[in-house]
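Scroll down for the structure; my scribbles are underneath it.
As a basis for the values below, the full set of heavy atoms in this structure was taken, side chains included, without hydrogen atoms, waters or symmetry mates.
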There are 2 protein chains.
Amino acid sequence: METLPRETIVDVLEGRLREEILAGRHAAGSYLPPERELADGYGVTRTTLKHAFGRLVQAGLLETRHGVGTRVRDFARLGGADLLPMLVRHSPDWLGEIFEVRRSVGALIAERAAMRATAGQRAELRTLLDAVREADSADAVQLADVEVHRALARATGNRVYALLTNTLFNAYLPVRKQLAGPFQDAEAAHARLEPVVDAVEVGDAPAARSAADAYLSATEEIMLDGLRTAGDAK
Amino acid sequence: METLPRETIVDVLEGRLREEILAGRHAAGSYLPPERELADGYGVTRTTLKHAFGRLVQAGLLETRHGVGTRVRDFARLGGADLLPMLVRHSPDWLGEIFEVRRSVGALIAERAAMRATAGQRAELRTLLDAVREADSADAVQLADVEVHRALARATGNRVYALLTNTLFNAYLPVRKQLAGPFQDAEAAHARLEPVVDAVEVGDAPAARSAADAYLSATEEIMLDGLRTAGDAK
DNA sequence: AGTGGATCAGTGGATGAGCCACTCAACCAG
DNA sequence: CTGGTTGAGTGGCTCATCCACTGATCCACT
């Protein structure tokens, strides 16, 4: 059982402020109203508002200067990939672009993994792939699937690829979770993924690259289809 | 003149906590002491501590559960690329891995840009490249150089590449700033960068890819050399 | 005029006491 | 053995208050 975090006031306030910023209600570079005034407007204490501000500062959306004020950062130009999850929530048209990057980077990772994976890492990949087939629920399939990709990233020997994989996961996994249907078939998932693991296992870099590209294209297609039908139904 | 932000108590506290966590002084998944106790230990108010906690939660290093406690997240496994800046500060051996990814992704971006840049974007690239040559200080060279790469990322037509570029910049630019020496030659920087812009301008994707790879390899070499000599001098 | 220091209103930063809400385990009644 | 109750310990939130910084203004002195 997954423990779902309860929604605190700071959470809500943060989300609301973030939404307003992402929606462009406060121009980039412009100053927000003073904390005292803003806190009053939202009906919260200044302390609570400051907690929310702190998070948004950390996220790179705001910039506070003691004695001057709090200003909206130009995140569109200066922001990092960690903004993706909130950007997707705000406007789903990011997904197409995320998928393209995921595909290119995923192919890169598979290629590197085929070139450099250790024997132990190849064995681990095989084990995880088997776990995908054995999975007994949609959640389990997803979990195993994700773990295979994490293992692939680790197998490159470059930890940055692992972090990058997580960043992209954080961006599109929440969406994928809503499309449980097309992903609950363990056998199909296993079949899609197997060529990648095979190629990495024998160290065939070009094959790994194209297999990963094919896998990611297929997955992407399924997700976009799922979103389209979900949109139609609504 | 760059306005340097003053170091607040929360900043210091956050840095200290972060350092302890990155150093592994608190095992991943283990619980921190209670807020009241911890605040007392650091000689700050619980409110102040909570501000620091808030940032670390946002950064993905901590996880708080109401009524239970605050626990250290397994950032090594689950963290995103936004952790890179702090990871580099903590142990510079990340740089080699970051550069490799930067090189692969940079080549990818140049390739895509060559395939899809609009006429306006090609013209903008040329303008920015000229700005590199005209730059009159080391800072100006760096700034212009960075802007060229941002423009390349934009020219892919995929905003995620732009965010990714920023993420990688955030990771290694602070280091590069410390090596002002090897980068202050505007003419040399222009010469290194020109082949990339040329290839993108005529839409030659393979050439853009290899030119970007060559440029990034050269830059990388210079930075690693600079770090080595800086290390030796010390 | 021009310069330089003092002042002051407005801003964010930090405090500490206090209360609320949640979780978990231990306990107890049935 | 089951199921509800209780209480200690935890983080969430508020309030009132003070501190520290910034920038514009003013004014005395040159």
Listed nucleotide nearest any side-chain atom of [X], set [options]:
X      : options                   : result
V68(B) : dC24(C), dG13(C), dT10(D) : dC24(C)
T45(B) : dG12(D), dG12(C), dG16(C) : dG16(C)
T47(A) : dG23(D), dC15(D), dG18(C) : dC15(D)
H66(B) : dA21(C), dC13(D), dC24(C) : dA21(C)

Tell me, which of residues 25-38 of chain B have any heavy atom that sits under 4.0 Å from an atom in DNA chain D?
-> P34(B), E35(B), R36(B)

Nucleic acid contacts - residues 49-56 of chain B versus DNA chain D, non-hydrogen atoms under 4.0 Å |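 Those residues whose heavy atoms fall under 4.0 Å from DNA chain D, taken from residues 49-56 of chain B in numerical order, are K50(B).
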
Under a 3.5 Å limit on both distances, the Watson-Crick or wobble mate of dG2(C) is dC29(D)

Salt bridge or not for [X] and [Y], using N-O below 4.0 Å?
X       : Y       : result
R18(A)  : D11(A)  : no
E100(A) : R103(A) : no
E147(B) : R150(B) : yes
D145(B) : R176(B) : yes

How are the rings of H51(A) and H51(B) set relative to one another: parallel (under 30°), tilted (30 to 60°) or perpendicular (over 60°)?
->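 Plane angle under 30°, so parallel.
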
[X] has an atom [atom1]; how far is it from atom [atom2] of [N], in whole Å?
X      : N       : atom1 : atom2 : answer
E14(A) : dG12(D) : CD    : P     : 13 Å
I9(B)  : dG12(C) : CD1   : P     : 18 Å
L62(A) : dT11(C) : CG    : C1'   : 15 Å
D40(B) : dG9(D)  : CG    : P     : 16 Å
Y42(B) : dG16(C) : OH    : P     : 18 Å

R65(B) versus T70(B), side-chain donor and acceptor atoms under 3.5 Å =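 No, no side-chain donor-acceptor contact under 3.5 Å.
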
Is the closest side-chain donor-acceptor distance between N166(B) and R77(A) under 3.5 Å?
-> no

Do any N or O atoms from the side chain of R71(A) and from the backbone of S30(A) form a donor-acceptor pair under 3.5 angstrom?
->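 Looks like no, no N/O pair under 3.5 Å.
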
Under the 3.5 Å rule, do the base of dG12(C) and the side chain of R46(A) count as making a donor-acceptor pair?
-> yes

dG12(D) phosphate, OP1 or OP2, under 4.0 Å from T64(B) side-chain N/O =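 It does, given that an N or O in the side chain of T64(B) lies less than 4.0 Å from OP1 or OP2 of dG12(D).
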
Please check the phosphate of dG12(C) (OP1 and OP2 only) for any side-chain N or O of T8(B) closer than 4.0 Å.
-> no

So, Y215(B) versus H149(B), ring centres under 6.0 angstrom or not?
->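 Judged by ring-centre distance (under 6.0 Å), Y215(B) and H149(B) do meet the cut-off.
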
Of V10(A) and G67(A), the one whose nearest nucleotide on DNA chain D sits closer to the 5' end is V10(A)

